[in-house]
2 protein chains.
Amino acid sequence: MPSEKPAKTAAPARTRTEKVHQALRSAIIEQRLAPGSRLPEDAIGESFGTSRTIAREALGRLAVEGLVDLKPNRGAFVANPSLEEGRGIFHVRRALERAMMLDLSGKIDPAIAGRLRAMVAREAAMASTNEPEAIRLAGEFHLTLAQLTGNPLLLRYVTETVSRCSMVLAMYGRPHSTDCGAREHAAIVESLIAGRIEEAAELMDRHVAEVAGRALLNTRVEQDIREVLASYAQAIQHA
Amino acid sequence: MPSEKPAKTAAPARTRTEKVHQALRSAIIEQRLAPGSRLPEDAIGESFGTSRTIAREALGRLAVEGLVDLKPNRGAFVANPSLEEGRGIFHVRRALERAMMLDLSGKIDPAIAGRLRAMVAREAAMASTNEPEAIRLAGEFHLTLAQLTGNPLLLRYVTETVSRCSMVLAMYGRPHSTDCGAREHAAIVESLIAGRIEEAAELMDRHVAEVAGRALLNTRVEQDIREVLASYAQAIQHA
DNA sequence: CATGCAGTGACTGCATACGATTTTTTCAGC
DNA sequence: GCTGAAAAAATCGTATGCAGTCACTGCATG
């Protein structure tokens, strides 16, 4: 049982289905639920004090979002993207965030500028003291920018890709590879505020590419049980 | 009752939920269901010979896709994007399809080249004789390219945006504004086959922008009842 | 010792039932 | 006839129950 409460997102979540939907999403993104693990409807219902109906519906929606795999007659599993899929997700995110920056042209007034600077400052402060919080803030930074475009679809896609990217990073990224984000975010914000949109877009593009590169290039994680067991099998043979 | 059968998509759709999900999606995209119309769970269940459970789950998933609006305790409605949202959707699509083209670098072998040329040829042939089919083929062209990238997320997003763009076009586009697509598609394919990826991306970018522009730029539809009634109110005052 | 097969258990797929909430209709009072 | 409140209808939100399907275990067989 997790000791700390899961982070709450924005919306109030009227119905239980939505509550469970969001809770599961957070749990998956925050890696409380390991990729590939089973998600039985019963267990979820019991955890949240609801019936299977709710759990079932939430799982269906998460499947649409790509956070869980739904296998017919077998049940739901936390998505377990391959390294290759991870690269693909980052690729899409990069394109989206570039478009997002271009869309922000003329939408940065002084009040917003202040808010963005404050966000980045908080992020920088957390970088050395509270890493999980820093990671969360880094993600929120991108989401805030997406929100500023006023484009609901863009917001949805950026939200989804950011979620899945953090999942991929947790799976394949090296630890401590995230703390460098604040400085880059700051540069992006300053370009944005100065109205140098093209430059900001370029910076963002490189930022996302670098985050992807840091994590995905050289790491390799065994996907298959057999790969994991191979080394043990060898050990046995040598013994 | 519709006389022709709805078009079937790729997947076999094992469960009834998935079947209803896909059927509703097709119905919405093909404009069989007008934007804004109610989607009562009972009615849907009855139409498909299932219980509300199925209908409800399908609606929830469609809501995640953005094709229906789910209002708490009120029910589901076919999405009714404003002109502004329509522009936003096209904006996202443009970014995605640009990324898609760049992703196709080195993935066009002779066999694929042939397939693409054939597709465009069929499209051109249909342009004057069978317009609905031409529109369908035009959409399929984009989907085929997305599939060729081998990036599942990109495919999903392109599929979604293409769907929603055709919806938006049907709502706000002028009639007969779609037939010019084949020539542009041909140019894109030739650049692609020749390996001039940057050029192909540029062409695609302009292509999507133009499709959007043709439809959305000069048309204006009153979104709000009040806007519609404003002129009448004025007339009364003048009388 | 490896392989095939039937029994068992767990879990999903779907339908139905009931309480809650919203919308519409009805009807009394002005 | 219009306004407003109360009753009625419609429809959603959720729980529960049953049947179907799949995976797994253990045993028999080559």
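By convention in this document, chain letters (A, B, ...) are assigned in the order of the sequence lines, proteins followed by strands, and residues within each chain are numbered from 1.
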Let me know the distance between CG of B:Asn73 and P of C:dT21, rounded to the nearest Å. 7 Å
Proximal nucleotide (of C:dG13, D:dG13, C:dC14) relative to the A:Glu41 side chain: C:dG13
Nearest whole Å is fine: how far is C:dA17 P from B:Arg56 CZ? 18 Å
Below 3.5 Å between N/O atoms, which protein atoms pair up with nucleotides 15-19 of chain D? Just atom names and distances, please.
from, atom 1, to, atom 2, distance (Å)
D:dA15, OP1, A:Arg16, NH1, 3.4
D:dA15, OP2, A:Ser51, N, 2.9
D:dA15, OP2, A:Ser51, OG, 2.9
D:dA15, N7, A:Thr53, OG1, 3.0
D:dT16, O4, A:Thr53, OG1, 3.1

Looking at B:Arg61 and B:Glu65, is any side-chain nitrogen of the basic one under 4.0 Å from a carboxylate oxygen of the acidic one? no
For the helix from C:dC1-D:dG30 to C:dC30-D:dG1, what is the angle between the axes at its two ends, each from 5 pairs, rounded to 10°? 10°
Between C:dC14 and B:Thr17, is there an OP1 or OP2 to side-chain N/O distance shorter than 4.0 Å? yes
Test: A:Lys19 cationic atom under 6.0 Å from A:Phe48 six-membered ring centre, within 45° of axis: no
Please state whether the rings of A:Tyr157 and B:Tyr157 are parallel, tilted or perpendicular, taking 30° and 60° as the class boundaries. parallel
Could you check how far CG of B:Asp42 sits from P of D:dT11, rounded to whole Å? 7 Å
Sub-3.5 Å donor-acceptor pair from the side chain of A:Arg25 to the main-chain atoms of A:Leu67, do we have one? no
Nearest whole angstrom, please: distance from the P of C:dT12 to the CG of A:Leu70. 10 Å
Distance, rounded to the nearest Å, where A:Lys71 contributes NZ and C:dA10 contributes C1': 17 Å
Flag the pair A:Val20 / A:Ile44 as yes when at least one side-chain heavy-atom distance between them is below 4.5 Å, and no otherwise. yes
Whole angstrom is fine here: how far is it from CZ in A:Arg74 over to C1' in D:dC24? 11 Å
N/O donor-acceptor pair under 3.5 Å between B:Ser37 side chain and B:Leu33 backbone: no
Determine whether a donor-acceptor pair (N or O, by modelled atom type, separation under 3.5 Å) exists between the side chain of B:Arg93 and the backbone of B:Arg164. no
Rounded off to whole Å, could you give me the CD-to-C1' distance for the A:Glu57 and C:dT12 pair? 16 Å
Rounding to an integer number of Å, can you tell me how far A:Ile44 CD1 sits from C:dT12 P? 8 Å
Checking the side chain of A:Asn151 only, and the main-chain atoms of B:Gly88 only, is there a donor and an acceptor separated by less than 3.5 Å? yes
Side-chain ion pair, B:Glu46 and B:Arg52, N-O less than 4.0 Å: no
